[in-house]
Each structure stands twice: as C-alpha cells, then as structure tokens.
Amino acid sequence: MVIVINGAARHVADDLSLDRAVSLVSDAATGIAAAVNGELVRRASWQSTRLAAGDEVEVLTAVQGG
Amino acid sequence: MVIVINGAARHVADDLSLDRAVSLVSDAATGIAAAVNGELVRRASWQSTRLAAGDEVEVLTAVQGG
Amino acid sequence: MVIVINGAARHVADDLSLDRAVSLVSDAATGIAAAVNGELVRRASWQSTRLAAGDEVEVLTAVQGG
Amino acid sequence: MVIVINGAARHVADDLSLDRAVSLVSDAATGIAAAVNGELVRRASWQSTRLAAGDEVEVLTAVQGG
Amino acid sequence: MTDWQADDPLLLGGQKFGSRLIMGTGGAPSLDVLGRALTASGTELTTVAMRRVDPGSRGSVLDVLTERGIQVLPNTAGCFTAAEAVRTAKLAAEALGTTWVKLEVIADEVTLLPDPVELLDAAEQLVAGGFTVLPYTNDDPVLAKRLEQAGCAAVMPLGAPIGSGLGIRNPHNIELMVQAASVPVILDAGIGTASDAALAMELGCDAVLLATAVTRAREPELMAAAMRSAVAAGRLAYRAGRIPKRRYALASSPAAGA
Amino acid sequence: MTDWQADDPLLLGGQKFGSRLIMGTGGAPSLDVLGRALTASGTELTTVAMRRVDPGSRGSVLDVLTERGIQVLPNTAGCFTAAEAVRTAKLAAEALGTTWVKLEVIADEVTLLPDPVELLDAAEQLVAGGFTVLPYTNDDPVLAKRLEQAGCAAVMPLGAPIGSGLGIRNPHNIELMVQAASVPVILDAGIGTASDAALAMELGCDAVLLATAVTRAREPELMAAAMRSAVAAGRLAYRAGRIPKRRYALASSPAAGA
Amino acid sequence: MTDWQADDPLLLGGQKFGSRLIMGTGGAPSLDVLGRALTASGTELTTVAMRRVDPGSRGSVLDVLTERGIQVLPNTAGCFTAAEAVRTAKLAAEALGTTWVKLEVIADEVTLLPDPVELLDAAEQLVAGGFTVLPYTNDDPVLAKRLEQAGCAAVMPLGAPIGSGLGIRNPHNIELMVQAASVPVILDAGIGTASDAALAMELGCDAVLLATAVTRAREPELMAAAMRSAVAAGRLAYRAGRIPKRRYALASSPAAGA
Amino acid sequence: MTDWQADDPLLLGGQKFGSRLIMGTGGAPSLDVLGRALTASGTELTTVAMRRVDPGSRGSVLDVLTERGIQVLPNTAGCFTAAEAVRTAKLAAEALGTTWVKLEVIADEVTLLPDPVELLDAAEQLVAGGFTVLPYTNDDPVLAKRLEQAGCAAVMPLGAPIGSGLGIRNPHNIELMVQAASVPVILDAGIGTASDAALAMELGCDAVLLATAVTRAREPELMAAAMRSAVAAGRLAYRAGRIPKRRYALASSPAAGA
C-alpha cells in the first residue's frame with residue numbers, strides 16, 4: 001500500500017506498524033515523536049498501531065530554533 | 001408603583017408610559033435616548049411603552065468626552 | 001603684463017585699472033565685490049586703483065548656498 | 001606678625017618658616033601641598049622658606065571628589 | 001497663500017473631510033473655551049461621550065458642535081465589555097441620529113488601554129449592525145489588521161496612554177500598521193504637543209484624534225491652532241517626501257572657490 | 001482664519017520679521033524651483049554664499065530674492081579660519097550692501113562642524129567691525145553664551161550636522177541654551193522634516209534656519225509649505241503651554257454613569 | 001570576586017535558575033559554534049524548534065544541550081493557529097519529555113508578530129493540558145495580564161520584532177507590564193546588543209530570552225559572554241536602585257575651597 | 001568561567017589597566033561605603049579632588065585607595081580658569097606624587113559644563129609642563145580633536161551634565177569622536193545606570209568614568225558591581241560585532257516543515 005511519511009509517498013507492506021514506518025526515516029531511540037493523520041501517537045503504542053493505505057505519518061524531532 | 005430612573009427610585013402612577021417617565025428627567029426634544037431594563041426603546045415607541053413596577057429606565061445624552 | 005583674475009592668469013595692458021580688470025569677468029552693476037591680493041577694494045576706488053604685474057584679483061558674487 | 005593660612009588670619013612668630021606654618025593645620029607626612037601667595041612651594045623648600053607678614057598660605061590635600 | 005490641503009481630503013466612512021484633525025471634547029474648562037478651541041482647530045468631526053441626562057445642566061456640547069457645523073462622533077468611553085459598548089453605541093445612534101461610533105472598550109481604569117478580545121468582539125457586532133466603526137486600539141499591527149478584516153472603517157491606534165501626553169512611544173509599530181492597512185489609520189491618544197501630531201502624519205497616518213493636549217493646555221485656543229498647523233505640516237511633509245537621514249554632513253554651499 | 005502669528009514677530013538685529021523661518025538657498029535643482037519654494041515658505045530672510053563670479057552663469061539667486069522682497073543674509077560657508085571668514089564677510093558686505101552675516105567657520109569637510117576657537121575669534125572681529133553677526137555654532141550652551149557675550153545678535157546652534165536630516169540630537173542642550181540666552185536662539189542645521197522644525201520651536205527656539213530639508217526634498221515647494229506650517233505650529237504650541245507628560249493615563253471622558 | 005547573583009535566583013515554573021539569560025539556538029552557523037556560545041552565555045534553559053526528521057542530518061542540537069546540562073525548552077515556531085500550536089506542543093512533549101513550552105502563534109511571516117486571539121486560545125488549551133506555558137507575546141500590558149490570568153507561568157513580551165535587533169521599542173509598556181504582573185516577565189525578541197539586555201533587566205524584567213543577537217553576531221561566543229554580563233549588570237542595577245534623572249548638574253566634588 | 005578581558009587591556013598614558021572602569025569618589029555617604037564600592041567596581045584608577053586640609057577630619061580617601069592598590073587621579077574640579085586649573089594640578093602633583101590629572105575647567109555652577117577656550121588653554125600649559133592630561137570635555141568632536149592635537153593622553157567627553165544621570169544624550173557625537181580619535185575616548189559624566197555604561201562601550205569608548213551613579217545609588221556596592229559587569233559587557237559586545245538593525249523580522253526558527 002501507499003502511505004505518506006513526512007510528506008513523501010512510500011510503497012510499504014500492507015498493515016505496516018507505526019514503529020516500522022518511523023524506522024524508515026529515523027533510527028533515533030529518543031528525541032522524536034510521531035503523529036498519524038495529525039494525531040499524536042505515544043511511542044508506547046507505535047508497535048500496536050497498524051497503518052492503513054493513505055495514512056499520513058509525521059515524524060518530528062528537535063532542531064535549532066527560537 | 002416604584003421605578004428606577006437613571007439610578008434613582010421614584011414613585012410614579014401605575015402603568016406610566018415611557019415618554020412620561022423620560023419627561024421627569026429631561027424635556028429635550030432631541031439628543032437623548034432611553035433604555036428600559038438595558039434594552040434600547042426607540043423614541044417612536046416611547047408613548048406606547050408602558051412601564052411596570054421595578055423597571056429600570058436609563059435616559060442618556062451626549063456630554064463632553066473622548 | 002600678467003595678472004591673475006579669479007585664479008586664471010591673463011595678459012593685460014600695463015597699469016590696468018581695477019574696474020577694467022573686473023569688467024573682464026563681470027558686467028554686473030551691483031552684487032559683486034573685488035579684492036586685490038586678498039584685500040577688499042571698495043567699488044568707489046576701482047577706477048583709481050592701478051594693478052601691477054602679478055597682482056591677484058578676486059571678483060566675488062552671491063550664489064546659492066547655506 | 002599676622003599671616004593667613006587657608007583663609008584664616010593667625011598671629012605667628014615673625015620670620016616663621018613654612019614648615020612650621022603648615023604644621024599649624026596639618027601633621028600629615030605625605031599627601032599635602034602648600035602654596036604661598038598662590039605659588040607652589042615644594043616640600044623640600046618648606047623649611048628654608050621664611051614667611052612675611054600678610055603672606056597667604058594654602059595647604060591642600062586630597063578629598064572625595066570627581 | 002496657496003491652500004495646499006485643497007486637493008487632499010480625508011476619505012473616511014464614505015465621506016470627505018477637509019480637515020485631518022479629529023477633536024475630542026473632554027477636559028475643557030467650559031463650553032465657551034471648548035467652542036473657541038474647536039473653531040481654532042478647524043476640525044470637522046468631534047467626539048462626545050454618552051452619559052445620564054443631568055436635569056440641572058445648562059448648555060449642551062451638542063449645541064457647540066451644531067453651531068459650528070461639526071459632525072458629532074459618539075464614543076463608548078467607560079465600557080469594559082463588548083456588550084456594554086454595543087449597547088452604548090446603539091443608544092448614541094438613537095440619541096444623535098448617527099451610525100458612526102468611536103469604539104472604546106478598555107481593560108482597566110489605570111492604563112485605559114483597550115482590551116483586544118472585547119474590542120474585536122464589539123467591532124464585529126457593530127459592523128454587523130450597520131455601524132461605521134472607528135475603533136480605539138493599541139499599537140499592535142496584528143490587531144489592527146483583524147479590526148480592518150472585521151469591517152471597521154478605520155483603525156485608531158494609540159501613540160501612548162490616553163491623556164499621558166507621551167507622544168508616539170513606538171513609531172515603528174505605527175509605520176508597520178500604515179504599510180499593511182487598507183483603511184485610514186488615525187493616531188488616537190498620547191499626543192502632547194504639536195510636533196507629536198506632525199510626526200504622526202509623517203509616519204503616514206491619515207488623521208490625528210486628540211482632546212487633552214488642547215483642552216488641558218494652558219491656552220486651549222492657541223494650542224488648537226497649533227495642532228491645526230501641525231497636522232497640516234506633517235501631512236505636507238509626508239506628501240513632499242523628506243530627505244534621507246545621513247550619518248555625515250552634506251554641504252549646502254558649494255565648495256570654497258568652486 | 002485668525003492670524004495667530006500677527007502679534008508675535010521675531011526681533012532680530014533690531015528688525016522685526018513676521019516669519020520665524022529663515023531659509024538657505026543651497027541644494028535647489030534650479031532657480032525656478034528655489035523661487036517657488038521660497039514663496040511657499042513665507043520666509044523674509046534667506047542665506048546665500050559668496051563665490052567667484054562665473055561669466056557663463058545665467059540668472060542670479062539675488063534676483064530670486066529681490067523679486068520676492070526677501071532680505072539677503074550672506075554666509076561665510078567654506079571658511080576654516082577666522083581670517084578667511086572675516087575677509088569673506090567684508091566682501092559680502094561690499095557686494096550685497098548688508099552688514100548682516102551668517103558666520104560659519106568649520107573645522108573639517110567631513111562633519112562640517114564649527115571650530116569653536118576660530119568661530120569666537122571671528123565673531124569678536126566682526127562685531128568690532130560693526131557687523132550684525134549670526135554665528136552657526138554647535139549645541140554647547142557655554143560656547144553660545146560666549147558668542148552672546150562677544151556681541152552676536154543671535155546664536156544659531158545645530159540640531160545635527162549640516163544636511164544630515166538627523167533632526168535635533170540633543171534637545172536637552174538646546175533647552176539649556178534657550179534658558180540662558182538673552183539673544184534669539186535659531187536652530188540651524190539638522191532639520192530633516194516638519195516635526196523636527198516644530199520641536200525646535202517647542203524647545204523655545206526663536207526661529208529655524210534650514211535649506212537641504214526643503215531644497216533636496218522630493219517636492220521642495222510642498223516641503224517649504226510644510227516647514228512654514230511646522231514652524232508656526234511649534235511656536236504656537238510653545239506659547240500655548242503644553243500639558244505635562246504623565247506616566248499613566250488620564251481619562252478624557254467622565255467616569256461611566258457619572 | 002563576590003558572586004552577586006548567588007542569592008538571587010530566577011523562579012520560573014516552580015524551578016530555580018541561577019542564570020537569567022534564556023538562549024535560543026536558531027541562526028548559529030554550526031553546532032560547534034552554538035555549543036561554545038551556549039557555554040559562554042551561562043544559560044540553563046534553551047529553546048529548540050520541532051521539525052520533520054532529516055535522515056541525512058548528522059549531530060543533534062539536543063546533544064549540544066545535554067552535554068552541557070542545559071534544560072530544553074521546545075517552541076511552537078511556525079504555527080499560525082491555536083490548533084497547530086497545541087499539536088506541536090504535544091509532539092514536543094512526547095519527543096523531549098518535557099511539559100514546558102515556549103508558545104509562539106504568529107500572525108504573518110513578515111512581522112512574525114504574535115496573533116493575540118490565537119495565542120490566548122492556545123495558552124488556555126495548553127494550561128488545561130498541564131503544560132508549563134511561556135507565551136511569546138507583544139508588548140501590550142492588557143494581553144499580558146490575560147495570559148497570566150489564563151495560567152501561563154510567565155509572559156514573554158517582545159522588545160521589537162524577532163531578529164530585528166531594534167532593542168526595546170517601547171520601554172514604557174514593559175514597565176507597565178512589570179508593575180502589573182505577578183508572574184515573571186521575560187523580554188523575548190528584539191535584543192540587538194548588550195545594552196539592550198541590560199535595559200530590559202533595569203526595567204524590571206526577570207529574565208531575557210535571545211538568540212539572533214548572539215548566533216548571528218560576528219563573534220557569537222564573545223557576544224554570548226557579553227550578554228551574560230549584560231543581564232547580570234542590568235539585574236544588579238535594578239536591585240541597587242539607580243539615581244534619579246535630574247535636569248541639571250549635581251557636583252560630585254565639594255565646592256571649591258569648602 | 002573564561003576571563004574574556006584578559007587579552008584586552010586599556011592602554012592609557014603609557015600604562016596598562018585591566019579594568020576599563022574609572023571611578024570617582026564624590027558623593028559616597030562614608031569612606032567605608034566608598035571602599036566597598038571601589039572594591040566591587042574592580043577599578044584600578046580613581047579620581048580625587050584637592051581642597052584645603054581640614055584639621056578636624058579623620059581618615060583620608062587616599063588611605064582607601066592605597067589599601068586597595070588603586071592609582072590616584074587628582075582632578076581640578078571647581079576651577080573656572082586655565083590659571084586656577086594649572087595651579088591646582090601642580091599642587092596635586094606635589095601632594096600626591098603623580099603627574100596625571102583629570103583636567104576640569106567649568107564655565108558655571110549650574111550646568112558644570114566645560115569652558116572650551118579655558119580648557120584648551122589649560123591643557124596646552126599642562127602638557128608643556130609634562131603632565132599626563134585627561135581632559136573632561138563636552139561632546140564636540142572638534143574640541144576633542146583640538147585637545148588630542150594639544151597632546152592630551154585621552155579625551156573624556158560627557159554623556160550628559162555631571163550627576164544628571166541622563167545617560168548619553170548624543171550618541172552620534174560620541175561615535176564621530178571615536179572614529180576621529182587616535183587617543184583613548186573615555187565617557188565621563190552623565191552615566192545613570194548600567195545600560196548607559198554598556199552603551200558607551202558599544203559606541204567604541206575605551207573606558208567609562210563615573211561616580212554619582214554608584215556613590216548615590218540606593219546600594220552603592222551593588223551598583224558598583226553592576227557597572228563593572230556593564231562595562232565588561234559593552235566592551236565585549238563592541239568586540240563581538242553586533243547584528244545589524246533591520247526594519248522587519250528575521251525568523252530564528254526554520255520555516256515550518258522545512
């Protein structure tokens with residue numbers, strides 16, 4: 001299926017879990033957060049969170065600013 | 001009955017009309033406006049507006065300011 | 001002989017009078033003043049003032065300024 | 001005779017030396033300077049400097065300021 | 001003497017005004033002094049407040065304006081909430097037969113500064129009610145833009161707190177506001193003296209509104225004449241295009257002997 | 001409209017002037033533009049510089065002044081020593097038939113700031129020579145007092161360097177100078193726009209002298225009109241007595257419901 | 001040398017900070033330069049922004065803070081609505097394990113000025129959500145009071161637009177805000193140089209937040225040291241009680257001969 | 001904490017000073033308070049005045065300086081003529097064993113402003129007499145250049161009248177002076193609080209001289225510490241190179257989502 005991670009469309013295995021999706025853009029053990037379709041998903045729930053076609057995943061971290 | 005005009009309680013005839021009530025504090029033909037219990041009453045309706053005991057009448061005009 | 005008028009050397013008749021010298025650069029009847037070798041010479045004395053070789057004549061007038 | 005020290009008239013022995021005069025207002029070993037009639041007299045010359053009647057002696061030191 | 005303002009009217013609420021000085025009437029020692037000051041100011045639009053009628057009072061500020069053909073602009077001074085301000089505006093409209101209102105919704109009586117949230121709420125309600133709304137606002141360019149988007153006929157930022165005479169504390173904000181605005185910007189409150197009013201116009205304001213600076217001056221009539229000239233001067237300077245500021249000197253006389 | 005200046009002439013060098021705006025003529029793009037600007041400014045006294053005659057030049061700044069009945073005030077621009085300034089003043093007197101002189105003795109061509117020592121020397125010589133001396137000075141109240149004691153008919157402190165348009169950099173000094181002076185104080189140099197000129201008058205200056213702010217403005221004639229109004233406005237405000245500055249607000253409308 | 005700050009910590013969000021200088025991390029040419037500047041600044045609390053992870057990037061600003069034991073303060077830079085800001089704050093909390101947030105809700109990208117309505121809305125939501133909210137606000141004392149009433153842990157008024165280096169455009173407003181506030185007032189945005197930071201503290205601010213003034217200075221590390229000293233200096237001066245301003249001179253040496 | 005001043009001494013009169021803060025001793029409530037303030041200030045050079053000995057007085061300001069190893073700098077406060085100043089300087093040299101002098105020649109006791117003519121005369125005489133002359137002057141760049149040409153070891157312009165606490169009234173003049181000077185420029189007089197001292201250094205001054213701002217502060221010792229930090233901060237900022245001022249905002253966080 002196709003999902004969008006940080007604005008880029010990707011072909012991924014159906015039924016992909018969020019922790020796998022995140023691992024496609026970051027291997028950071030800490031300092032990142034993820035949202036699916038605009039809603040925050042706690043790290044504890046990443047593994048149990050299954051993505052569906054068209055889902056939009058945002059993976060954020062801290063950068064220089066302010 | 002007793003009504004309040006511009007903050008002062010007054011004994012008035014039952015069923016007093018608003019134009020009579022206003023005339024108790026002002027004889028101005030123009031430049032004033034009246035509200036009953038916080039609601040504006042157009043001058044055209046003063047005569048037909050009957051007051052009830054406890055009504056609060058405000059009669060305002062322009063003064064130096066701003 | 002050679003004299004200098006407003007910074008420019010000129011060949012002139014010996015014994016030239018100041019009014020003649022001034023007339024070489026200006027025909028203004030008023031609004032000008034002349035100095036010979038740094039000293040002001042009143043207009044009344046221009047005719048009677050004879051110049052000598054090497055004299056430096058300045059003829060000034062008012063211009064936009066200040 | 002009478003001399004003036006720092007603005008105050010004093011009766012002193014005729015022929016008084018400047019070091020004696022200074023000692024009337026200060027026993028400071030350092031940090032002071034003296035002038036007689038407006039002229040600075042170096043400390044080295046105080047002993048040999050004889051005062052005359054009417055002399056004005058100024059003895060100055062440093063104070064809080066500036 | 002040429003009338004340099006002749007071809008430069010203020011367009012406000014669909015009307016043309018020859019004068020860019022809007023006066024207030026508060027603080028004058030008497031109606032007589034007020035009248036002479038208003039005449040000297042050349043104003044064509046002047047604010048009044050709405051209060052309970054006082055049976056004992058003689059003479060009315062309205063007569064002073066009427067005699068001089070000055071348009072009245074009621075304000076909502078003393079209102080702390082949108083509801084109070086809207087009610088006061090409606091009573092003023094009924095009493096004075098005008099739908100124009102100088103909208104004031106203040107937060108406290110120490111600073112008399114506007115409450116941005118209540119002000120915006122009141123502005124939206126009054127615009128919906130068909131009023132020509134002239135809001136007294138702080139010098140925040142963002143709030144000014146919101147008020148404009150709400151349909152206000154102008155924005156009236158303060159230069160400094162009402163009656164403080166501190167002039168224009170933040171000219172930079174007023175400039176930002178002028179650049180972004182598509183309705184007239186009227187400098188309201190803070191003016192202390194003539195140069196403050198001239199500066200407001202030089203910053204690009206379309207008009208100046210003031211009261212205390214004139215009514216409480218030692219000689220109100222003279223100060224009114226000063227403000228009239230100052231607003232004209234500032235507007236002319238704005239139109240004329242001032243010289244740039246330069247760090248060093250620039251000779252105004254030709255180099256010696258040249 | 002009442003003429004508020006009518007009873008308030010400038011007394012300078014034993015003469016009365018209805019206008020408190022003294023103009024300079026430097027920097028104008030043409031004599032025509034200059035002429036229109038001078039008319040719009042309402043000035044009655046205007047400076048010129050002295051330079052070598054240019055046989056090629058057509059038209060004279062003197063004609064522009066004469067046509068308008070404006071009194072000419074020669075300056076000593078470009079002089080770096082007392083001797084040069086005195087000589088220039090004498091030549092100007094001979095050429096223009098006036099003993100009035102705007103005395104300039106500058107220290108360098110970068111800042112064009114006056115040289116206090118040479119200036120005072122030149123002032124003393126010219127006063128002794130019977131001149132009416134109007135010295136261009138810095139904003140030092142002490143030097144101004146010395147120039148006054150030397151017999152100058154006025155003191156003309158700078159607000160900022162000539163042509164800089166930086167306005168009045170140190171109003172505090174100008175106030176000190178005004179308080180101590182017993183001759184007119186004329187703000188000379190630094191004016192950039194109308195509010196600067198108004199401020200100068202509000203500080204108590206008796207007049208303003210400017211050139212660049214008008215002659216190099218985008219529209220000189222309009223800016224001249226602006227300056228005329230600004231000087232009038234500032235003078236009126238000074239006479240009217242401004243309100244005090246206050247830290248907090250002061251209501252201009254009566255307390256609600258009162 | 002005595003440590004004059006020892007007994008004067010900043011109390012913010014229930015914590016004590018020895019330093020009253022809060023740093024931002026934006027604009028630094030490299031993480032190395034940033035790190036040295038942060039060390040020189042002595043800061044104990046520093047902001048970061050939240051953005052999409054960049055697989056290619058090496059090194060993290062978080063490491064720079066962690067190595068130095070500096071507490072991280074995520075901001076909501078780039079948010080234009082309350083909804084965006086609240087979502088960003090929650091993501092930051094999840095990513096960084098902190099419930100502290102520098103709340104920014106801006107109105108446009110030209111001025112980067114805060115949107116008062118959206119800001120207040122976001123502040124209320126985040127306070128309800130258990131966040132320690134430090135809002136970046138304009139210099140309006142009224143909005144600051146509303147934010148305080150909404151439960152913010154501090155108010156952070158701008159001195160001038162972000163990155164402008166214009167200093168404190170309206171010190172009078174900051175003073176009014178400080179007087180009325182019962183939470184810390186932190187001057188945020190506009191600081192250009194050391195004297196600006198000192199002035200902020202002298203006005204009574206409890207701390208200063210800055211980034212650009214240091215990170216974009218010619219020598220960031222040196223400027224960071226300057227800001228550290230300036231904040232300390234301003235705070236000490238505030239505590240010491242400055243002399244009053246006087247119109248005239250006051251001799252600091254005894255009268256001559258006395 | 002790195003000592004950022006370590007490699008940046010003040011070179012004055014052929015000596016090196018680690019501190020760029022020169023203190024005065026006037027106005028302190030007691031020698032004890034003075035001593036603690038001097039220690040807190042970190043100063044290495046401090047002024048005293050010369051007066052008639054007072055047989056009754058106990059303790060001497062000289063002891064306070066000696067105990068702390070602070071170099072004494074006698075002034076000529078109270079002198080109105082070159083002659084008086086020269087005599088006072090010579091007496092001070094004899095009494096204190098130093099040829100350094102802070103040269104003051106004032107014009108009147110209301111403004112305590114320097115008399116430019118007498119000051120220059122006195123400076124020339126004292127330089128000829130082998131003195132290291134540090135003249136207290138006004139903020140005129142031309143007079144400063146003349147004093148430098150006369151051989152003064154520094155120029156010490158006022159920011160505002162002595163003891164006024166008005167800060168630096170004309171930063172533009174100080175900048176012009178700094179650019180033209182080839183001797184140290186020391187801001188003397190007018191400093192009211194820490195940010196004033198920091199600003200002086202940011203303008204490029206080499207040092208700051210102050211007394212009243214510390215000695216008459218509510219807590220002199222604390223203000224002395226503030227001034228020490230402020231001078232350091234201003235100097236560091238000057239060396240670091242501040243960001244330019246910009247009319248509009250510049251984001252310190254990357255554009256959203258980028």
Side-chain angles (χ1 to χ4, degrees), chain B, chain E residues 22-31 33-34 46-57 59-66 72-78 83-84 86-98 101-104 134 136 156 162-163 188-189 209-212 215:
Chain B
M1 65 181 183
V2 174
I3 62 173
V4 178
I5 306 181
N6 284 351
R10 291 169 177 262
H11 286 272
V12 296
D14 289 3
D15 209 33
L16 187 78
S17 66
L18 179 55
D19 60 339
R20 290 294 197 74
V22 170
S23 67
L24 296 173
V25 290
S26 169
D27 55 5
T30 63
I32 62 173
V36 177
N37 303 326
E39 283 308 307
L40 166 67
V41 179
R42 286 279 158 83
R43 190 168 196 127
S45 316
W46 287 2
Q47 201 163 0
S48 58
T49 301
R50 299 288 153 193
L51 299 172
D55 278 349
E56 298 199 350
V57 178
E58 291 283 322
V59 186
L60 302 192
T61 188
V63 300
Q64 289 183 53
Chain E
I22 304 175
M23 291 290 294
T25 54
S30 73
L31 288 178
V33 169
L34 175 63
T46 296
T47 66
V48 295
M50 298 304 293
R51 294 293 178 265
R52 288 170 172 173
V53 296
D54 170 3
S57 75
S60 161
V61 65
L62 289 178
D63 303 336
V64 176
L65 301 190
T66 309
V72 64
L73 175 61
N75 69 27
T76 60
E84 287 171 44
V86 169
R87 186 185 315 120
T88 302
K90 289 180 178 171
L91 284 159
E94 169 73 3
L96 307 180
T98 175
V101 61
K102 174 185 170 180
L103 179 61
E104 290 184 50
L134 310 178
Y136 162 66
M156 308 207 296
I162 293 172
D188 181 5
L209 195 167
L210 59 87
T212 307
T215 58

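Just so we're on the same page: letters track the sequence lines, and every chain starts at 1. Small disclaimer: the values here were computed from a predicted structure and weren't measured.
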The complete set of side-chain hydrogen bond (donor to acceptor under 3.5 Å, both in side chains) pairs with one or both residues in residues 56-66 of chain B, sequence neighbours excluded, reads Glu58(B)-Arg52(E)
With respect to chain B, which residue among [options] yields the maximal number of heavy-atom pairs within a distance under 4.5 Å?
{"options": "Ala95(E), Gly24(E), Gly97(E)", "result": "Ala95(E)"}
{"options": "Leu34(E), Val48(E), Thr215(E)", "result": "Val48(E)"}
{"options": "Gly163(E), Ser60(E), Ala28(E)", "result": "Ala28(E)"}

Can you say whether [X] sits under 4.5 Å from chain B via the side chain, the backbone, both, or neither, judging by heavy atoms?
{"X": "Ala93(E)", "value": "neither"}
{"X": "Val61(E)", "value": "side chain"}
{"X": "Ile162(E)", "value": "neither"}

Identify the heavy atoms of [X] and [Y] that sit nearest to each other, and give their distance.
{"X": "Ala62(B)", "Y": "Leu96(E)", "result": "CB-CD2, 4.0 Å"}
{"X": "Ala211(E)", "Y": "Gly66(B)", "result": "CB-O, 3.2 Å"}
{"X": "Leu40(B)", "Y": "Leu91(E)", "result": "CD1-CD2, 3.7 Å"}

Counting distance only, does the side-chain N/O of Glu94(E) pair as donor-acceptor with the main-chain N or O of Arg43(B) below 3.5 Å? yes
Determine whether a donor-acceptor pair (N or O, by modelled atom type, separation under 3.5 Å) exists between the side chain of Thr47(E) and the backbone of Gly65(B). yes
Could you tell me which portion of Ala28(B) (side chain, backbone, both or neither) has an atom closer than 4.5 angstrom to a non-hydrogen atom of chain E? neither
So if I apply the side-chain contact (heavy atoms from CB on, under 4.5 Å) rule between Val53(E) and each of Val59(B), Val63(B), Leu60(B), which one comes out positive? Val59(B)
Hey, is CZ on Arg20(B) packed in by over 12 heavy atoms from elsewhere, all under 6.0 Å? no
